[in-house]
Amino acid sequence: MILFPAIDLKDGQAVRLLHGRMETATVFNEDPAAQARAFAEQGFSWLHLVDLNGAFEGRPVNAAAVEAILGAVDLPAQLGGGIRDLQTIERWLTLGLRRVILGTVAVKDPALVREACRAFPGRIVLGIDARGGRVAVEGWAEVSEVTALDLARRFEDAGAAAIVYTDIDRDGALEGANVAATAELAAAISTPVIASGGVASLDDLAALLQVAASGIEGVISGRALYDGRIDPSSALALLASAHEGTGDERVGPC
């Protein structure tokens with residue numbers, strides 16, 4: 001199981017939000033590229049990037065910060081937020097992102113998601129962000145009538161590389177991951193799931209590892225890494241020991 005450190009971008013800075021509300025932003029690093037270098041030095045193998053302004057405005061806003069990150073480290077990275085058309089997807093992949101995450105368009109323009117999966121196999125991730133079990137879109141400002149499971153099932157045959165499943169009610173709150181809901185979703189579909197929201201301790205990582213066989217291939221952590229609740233070396237050692245115990249030689253998603 002891969003641990004993805006999150007760099008959420010607002011106004012060119014690395015921040016964390018509480019429950020996805022922009023007014024709750026806490027700035028953790030004014031230089032996102034420096035933060036990316038720090039994560040690389042700590043031994044992480046992937047980065048998870050979010051353009052928060054872009055998610056609300058429906059277009060890339062923190063492009064300069066993302067490009068600075070890509071230029072600063074030689075780590076595969078995935079990005080979500082404000083990616084709403086094929087041209088933007090292609091541009092980001094050409095600039096060096098390994099994968100892009102499509103959230104709002106999965107609800108509002110599913111044909112685009114399918115087209116992107118065909119055009120860029122293995123490089124499209126679905127972002128399913130749920131509040132009370134219902135999918136939220138437009139930077140989590142709107143809650144649809146679609147359930148997380150229903151949306152995931154709609155794209156079972158699309159060829160997405162993975163699904164990032166975020167429990168908005170826990171995001172940034174350090175209240176613990178929603179292990180049960182994540183495992184339930186992963187077990188119901190064939191697409192690999194990446195857990196997100198509420199991860200606060202090594203215990204959360206251990207709990208997710210216990211149900212990883214349901215189809216959970218990764219977990220995203222933000223605030224807990226920034227404020228020291230999760231020690232990077234201990235977390236990576238925990239996941240590495242679990243990997244060695246399975247005898248699974250896969251190197252993770254690509």
Side-chain angles (χ1 to χ4, degrees), residues 1-4 6 19-20 46 48 50 55 78-81 83 99-110 113-114 116-117 122-140 142-201 203-222 224 239 242 246 248 250 252-254:
M1 195 168 73
I2 295 172
L3 178 56
F4 294 79
H19 303 316
W46 273 81
H48 176 79
V50 181
Q78 58 187 25
L79 169 70
I83 304 173
R99 308 195 301 198
V100 299
I101 303 167
L102 303 180
T104 293
V105 293
V107 174
K108 298 196 169 185
D109 191 359
V113 176
R114 292 181 175 278
C117 287
R123 304 186 73 181
I124 304 300
V125 174
L126 294 180
I128 298 182
D129 309 322
R131 176 175 279 128
R134 303 287 175 175
V135 176
V137 297
E138 304 292 352
W140 301 351
E142 300 176 13
V143 178
S144 72
E145 292 302 313
V146 182
T147 69
L149 179 56
D150 285 344
L151 185 61
R153 282 177 168 162
R154 290 179 188 179
F155 293 100
E156 270 283 73
D157 61 348
I163 288 174
V164 173
Y165 174 65
T166 302
D167 185 327
I168 298 171
D169 294 323
R170 299 191 184 216
D171 191 67
L174 298 172
E175 295 176 351
N178 193 336
V179 176
T182 304
E184 183 179 358
L185 175 66
I189 59 176
S190 60
T191 307
V193 171
I194 298 170
S196 176
V199 176
S201 67
D203 289 342
D204 287 319
L205 300 183
L208 286 165
L209 279 172
Q210 291 295 316
V211 295
S214 62
I216 300 171
E217 73 168 21
V219 54
I220 295 166
S221 180
L239 299 187
T246 65
D248 189 342
R250 292 177 297 176
C254 61

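This one's a predicted model, so the numbers in the text were calculated from it and none came from an experiment.
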Problem - Rounded distance (nearest 0.5 Å) linking atom OH of Tyr165 with atom CG of Asp129 - result: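 If we round to the nearest 0.5 Å, Tyr165:OH and Asp129:CG are 9.5 Å apart.
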Is there a side-chain contact between [X] and [Y] (heavy atoms, below 4.5 Å)?
X: Val100; Y: Arg123; result: no
X: Phe4; Y: Ile194; result: yes
X: Ile101; Y: Ile83; result: no
X: Leu239; Y: Ile2; result: no
X: Arg153; Y: Ile189; result: yes
X: Gln210; Y: Val179; result: no

Checking [X] now: which residues fulfil side chain to side chain contact (heavy atoms under 4.5 Å, CB included) with it, not counting sequence neighbours?
X: Ala6; result: Asp8, Arg16, His48, Ile220
X: Asp150; result: Val146, Thr147
X: Glu184; result: none

For the residue pair [X] and [Y], what are the closest heavy atoms and their distance?
X: Ala161; Y: Gly122; result: CB-O, 3.5 Å
X: Ala152; Y: Ile163; result: CB-CD1, 3.8 Å
X: Ile124; Y: Ala116; result: CG1-O, 3.6 Å
X: Ala106; Y: Phe155; result: O-CZ, 3.4 Å
X: Ala200; Y: Asp204; result: N-OD2, 2.7 Å
X: Gly159; Y: Cys117; result: C-SG, 4.2 Å

Exercise for the section: Decide side-chain contact (heavy atoms from CB on, under 4.5 Å) for Thr191 and Leu126; before the verdict, give the C-alpha distance in whole Å, the side-chain angles of both, and the deciding distance to 0.1 Å. Expected result: CA-CA 10 Å; Thr191 307; Leu126 294 180; over 6 Å; no
Handout entry: Matching residue for Ile216 among Thr182, Leu209, Leu185 - test: side-chain contact (heavy atoms from CB on, under 4.5 Å)
Key = Thr182
Exercise for the section: May I ask you to decide if Val105's main-chain N or O and Asp109's side chain share a donor-acceptor pair within less than 3.5 Å? Expected result: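 Not a single qualifying donor-acceptor pair exists.
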